[in-house]
**Student:** 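This is the structure I want to talk about, given as structure tokens.
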2 protein chains.
Amino acid sequence: MAAERDGAPKQQTAKALTGLRDLVLKGEVLHGERLSEVALAARLKVSRTPLRAALQKLEQEGLVVMIPSGGYAVRSFSRQDVIDAIELRGVLEGTAARLAAERGVPPVKLKAILDVVASLDRVVEPGPGAMDFGLYEMLNERFHRQLAALSGSEVLSREIERITGLPFASPNAFVNTEADVPAFQRTLVIAQTQHKAIISAIGLREGARAEALAREHARLARQNLDFVMEEQPDLRGKVLALALMSS
Amino acid sequence: MAAERDGAPKQQTAKALTGLRDLVLKGEVLHGERLSEVALAARLKVSRTPLRAALQKLEQEGLVVMIPSGGYAVRSFSRQDVIDAIELRGVLEGTAARLAAERGVPPVKLKAILDVVASLDRVVEPGPGAMDFGLYEMLNERFHRQLAALSGSEVLSREIERITGLPFASPNAFVNTEADVPAFQRTLVIAQTQHKAIISAIGLREGARAEALAREHARLARQNLDFVMEEQPDLRGKVLALALMSS
DNA sequence: GAAGCGCACAATGTATACATCGCGTCAAGA
DNA sequence: TCTTGACGCGATGTATACATTGTGCGCTTC
């Protein structure tokens, strides 16, 4: 049959995409390993056509690379790559913050992101029970997405979304790890302070400050990376994204 | 036949890619127009499969967008989009310059880009004959490519290459126009001065200065854009890239 | 006459068959 | 024993056939 009976036809490529991403992120395919199209197609229960489309999209996302002779392989990231991706996110988000400050943002949008900040406050503040990390991730992602939108630049937002797609460059990349280490929980408080400062700077039209703050905010991720790599290497397994790192 | 007899099989997708890019850049397909796969495939003498691959790559490059209901359409860029893309190139190249300065670059690489600068000097300096704009474009592109490489960051270089792929964000976007307007030739002298200053700052490990200079360097493109749009609208036709602008 | 429904066409999304190219293996010769 | 060549397998790249979905037009009805 040309299209599937049960599953929703036309979403085969989405199925292949999410399936492939999972395989890569969970490390079920190793670095440099050549990705056999037929094997993957059989494994994901899709045809080769949507699978190749998914492979192409993953190449665009940067998770796989083309082999000169043909086909694709899982990309392996050096530690320097991870550092650079985090730095780049800081630069891009910094630019978004600066443009938002320089160009001004409509009050309704400012209010919306302030609401997110307030919600984050309630999550971060030490309460009786354990912190809801899932909720934190959701709100944190929303904050960063809205920050990108504040720039008013479609081009920039797209680029931020791209770099954020790299799993270890995501704003939430190290949140999972932090759940187990009490010292890490304090970094979330620091992050929240920076969130507030960034929005404050934008509201005051202080572009340079907003840019510097957003850059520094991304630096937090690098601190966490250094901590995981050098002081607590046993935590590496808990950060899914680092499964892609070669060294 | 499954593959072509005459042409090199496996390069059909490249053929479709370059052909499609030409069609879009030359404005032979209008903004928002739905791109019919069968029609394009027939026009470019390729099958639908490599054509769809090319369409997907062009979407990655940002020249076409997906239609929610399916298929692709030529993306139309607002003037703000063009401005933002230029700004973004400045930010990214600025980051490359800063990282190069902060991290240091091997002397052999510094020497290589200095050679390019010297060659540009010879092209820009007023001589008896007319200036060789083709040579300028080649050297200018090489300078910007090597500048990106000086950062030592693969991630950043890839991103710069991406944004530079947008025709109006290319360092050479407005060079063609300048050939006719004597006043524009002076901007090339200014640009060359900035080239030298950027490399100087990198050599002196002055990261902040290098970043600021590279940003300002991109600003030159925006000046040219403003000039074309507001003072000499008749020149718009000479800048191929601006055929993509809607307003 | 206008609005809503239904049908037919055309377009995309998917599956699969085919051709070519790269790579490994094996054998023969030096 | 090492090197070089050819052969075969398996892989990707390409073409095409098929199913489904979205869209536009015409008809019917109020």
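By convention in this document, chain letters (A, B, ...) are assigned in the order of the sequence lines, proteins followed by strands, and residues within each chain are numbered from 1.
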**Student:** Let me know the distance between CD of A/Q12 and P of D/dC18, rounded to the nearest Å.
**Tutor:** 19 Å

**Student:** Picking from D/dA15, C/dA15, D/dA11, which would you name as closest to the side chain of B/P50?
**Tutor:** D/dA15

**Student:** So, using side-chain contact (heavy atoms from CB on, under 4.5 Å) as the criterion, who are the partners of A/L110 when residues are at least two apart?
**Tutor:** A/V105, A/I199, A/I202

**Student:** Report the distance from atom CZ of A/R48 to atom C1' of D/dG10, rounded to the nearest whole Å.
**Tutor:** 11 Å

**Student:** Would you check if B/P167 and B/L63 make a side-chain contact, meaning some heavy-atom pair closer than 4.5 Å?
**Tutor:** yes

**Student:** On the nucleotide C/dT14, are OP1 or OP2 found under 4.0 Å from the side-chain N or O atoms that A/T49 carries?
**Tutor:** no

**Student:** Which residues pass the side-chain contact (heavy atoms from CB on, under 4.5 Å) test with A/A148, sequence neighbours left out?
**Tutor:** A/S157, A/I160

**Student:** Between A/M66 (CE) and C/dC21 (C1'), how many Å, whole number?
**Tutor:** 14 Å

**Student:** Parallel, tilted or perpendicular, judged at 30° and 60°: which one describes the rings of A/F77 and A/F168?
**Tutor:** perpendicular

**Student:** Report the distance from atom CD of B/E37 to atom P of D/dT14, rounded to the nearest whole Å.
**Tutor:** 16 Å

**Student:** Suppose we screen for salt bridge (charged side-chain N to carboxylate O under 4.0 Å, His left out). Which residues come up paired with B/E87, at least two apart in sequence or across chains?
**Tutor:** A/R98, B/R219

**Student:** Quick one: side-chain contact (heavy atoms from CB on, under 4.5 Å) partners of A/R48, sequence neighbours excluded?
**Tutor:** A/E37, A/V38, A/A41, A/R52

**Student:** Roughly, in whole Å, what's the span from CG in A/L51 to P in C/dA15?
**Tutor:** 10 Å

**Student:** Below the 4.0 Å mark, does C/dG13 have OP1 or OP2 next to a side-chain nitrogen or oxygen of A/Q11?
**Tutor:** no

**Student:** How close or far is atom P of D/dT14 from atom NZ of B/K15, stated in whole angstroms?
**Tutor:** 11 Å

**Student:** Considering residues at least two apart in sequence or located in another chain, which fulfil the ring pair (Phe, Tyr, Trp, His ring centres under 6.0 Å) criterion with B/Y136?
**Tutor:** none

**Student:** Please write out the pairs of protein N or O atoms and N or O atoms of nucleotides 22-24 of chain C separated by less than 3.5 Å, giving the distance to one decimal.
**Tutor:**
unit_1	atom_1	unit_2	atom_2	d
C/dC23	OP1	A/S69	OG	3.4

**Student:** Nearest whole angstrom, please: distance from the C1' of C/dA11 to the CG of B/L35.
**Tutor:** 13 Å

**Student:** Just compare C/dG13, D/dT14, D/dA11 and give me whichever is closest to any side-chain atom of A/V38.
**Tutor:** D/dA11

